[in-house]
K.L.:
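Okay, handing you the structure first.
All chains are named by letter (A, B, ...) in the order of the sequence lines, taking the proteins before the strands, and each is independently numbered beginning at 1.
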Protein chains: 2
Amino acid sequence: MEAAEKQFRKRNAILDCLRQTHAHPSAEMVHALLQPSHPDISLATVYRNLAWFKSRGMIQSLGTVNGVERFDADTQPHVHFVCTGCHAVLDLPQVEIPASLGTSAEEASGCRVRGCQLTFTGLCGSCANS
Amino acid sequence: MEAAEKQFRKRNAILDCLRQTHAHPSAEMVHALLQPSHPDISLATVYRNLAWFKSRGMIQSLGTVNGVERFDADTQPHVHFVCTGCHAVLDLPQVEIPASLGTSAEEASGCRVRGCQLTFTGLCGSCANS
DNA sequence: AAGAAAATAAGAATTATTCTCATTTTATTT
DNA sequence: AAATAAAATGAGAATAATTCTTATTTTCTT
């Protein structure tokens with residue numbers, strides 16, 4: 001195996017895993033998702049690398065849902081829906097965040113706005129029916 | 001002292017405290033704020049009652065900032081700014097959330113939308129200058 | 001006033017996350 | 001390619017926010 005292929009094998013597996021799911025997983029969920037293909041990646045390494053990617057702006061944190069931090073490989077501002085029943089997190093790509101809100105926020109606060117999160121909460125389809 | 005005045009003295013003190021601050025405090029911050037006037041309120045009681053108020057929709061949680069849950073007595077949807085430097089949370093009453101976003105979210109998700117949070121992040125004035 | 005129900009204090013228990021350090025892997029230099 | 005330096009990892013200990021347990025106190029109902 002070439003050197004280039006070996007570089008950061010585990011780190012890349014973690015980022016790839018996050019990029020390939022739409023579940024907005026927690027560290028534990030990433031670890032579980034990787035288990036079949038990479039059973040040798042420890043939970044500490046998942047935590048460490050998620051923090052590493054986050055500090056470099058390569059992924060974003062959605063904050064905690066039910067006390068657990070959730071991550072998203074999509075760093076573009078976009079809208080989420082969090083189900084308060086099953087704690088699923090969905091993207092709502094159909095909902096657009098008006099650009100005016102950001103500038104409005106900056107003017108209103110006198111602060112330097114770097115990021116924005118718009119999250120709706122409620123019950124998802126299956127939780128509403130049970 | 002009349003019975004009416006004694007009812008839920010501690011519980012009410014906790015809600016009043018949250019209503020009288022704009023700091024969007026954590027449980028520990030509420031406990032500290034209450035210390036001078038109510039040194040006999042334990043931290044467990046603060047946690048318990050914040051959860052009690054929250055479960056009844058009397059207050060809302062803003063989620064966690066720097067790993068600590070923050071609370072707000074204002075349950076109306078409104079916009080927040082979170083400073084990533086000092087972890088202060090500010091209201092941005094000047095920024096309006098378009099009502100269309102909520103309906104748009106409900107249509108897009110097929111879910112029952114119950115709440116909405118719009119949060120901007122960045123550096124507050126004093127953190128930007130240091 | 002007596003009994004039932006609810007709230008509380010204190011600290012133990014829980015749990016997500018971070019940290020430590022010895023080891024392994026990867027990169028750099030010779 | 002060998003030697004050395006730097007970075008990453010595993011395993012489990014440590015941390016810290018939050019929740020839980022239980023005995024006690026306070027409040028409510030009768």
K.L.:
Quick one: closest heavy-atom pair of B:Gly122 and B:Phe81, and the distance?
P.N.:
C-CZ, 3.5 Å
K.L.:
Quickly work out the B:His87 NE2 to D:dA17 C1' distance and round it to whole Å.
P.N.:
15 Å
K.L.:
Once you round it to whole Å, what is the distance between C1' of C:dA7 and CZ of B:Arg11?
P.N.:
7 Å
K.L.:
Tell me whether B:Ile41 is reachable from B:Leu15 by hopping between hydrophobic residues (I, L, V, M, F, W, Y) whose side-chain heavy atoms are closer than 4.5 Å.
P.N.:
yes
K.L.:
Quick one: B:Asn12 CG to C:dA7 C1', roughly how many Å, whole number?
P.N.:
13 Å
K.L.:
I need the residues from residues 44-66 of chain A with at least one non-hydrogen atom less than 4.0 Å from DNA chain D; give them sorted by number, or say none.
P.N.:
A:Ala44, A:Thr45, A:Arg48, A:Asn49
K.L.:
Do any pairs count as a side chain to side chain donor-acceptor pair (under 3.5 Å) and have a residue in residues 55-68 of chain A, sequence neighbours left out, and if so which ones?
P.N.:
A:Ser61-A:Glu69, A:Thr64-B:Thr64
K.L.:
How long is the line joining CG of A:Leu43 and P of C:dT17, in whole Å?
P.N.:
9 Å
K.L.:
Round to a whole Å and report the spacing from CG of B:Leu15 to P of C:dA7.
P.N.:
14 Å
K.L.:
Write down the distance between CD1 (A:Ile41) and P (C:dT25), rounded to a whole number of angstrom.
P.N.:
14 Å
K.L.:
With sequence neighbours excluded, give me every side chain to side chain donor-acceptor pair (under 3.5 Å) pair touching residues 82-103 of chain A.
P.N.:
A:His24-A:Asp91, A:His78-A:Asp91, A:His80-A:Asp91
K.L.:
Cluster question for you: counting only ILVMFWY and a side-chain heavy-atom cut-off of under 4.5 Å, with indirect links fine, are A:Tyr47 and A:Val30 together?
P.N.:
no
K.L.:
Rounded to whole Å, how long is the line connecting atom NE2 of A:His31 with atom P of D:dA11?
P.N.:
9 Å
K.L.:
If you check every side-chain atom of B:Glu69, which of D:dT9, C:dT26, D:dT18 has the closest atom?
P.N.:
D:dT18
K.L.:
Please determine which of A:Val46, A:Ile59, A:Asp74, A:Asp72 meets the side chain to side chain contact (heavy atoms under 4.5 Å, CB included) test together with A:Leu18.
P.N.:
A:Ile59
K.L.:
For B:Arg9 and C:dA6, what is the distance between atoms CZ and C1' respectively, to the nearest whole Å?
P.N.:
15 Å
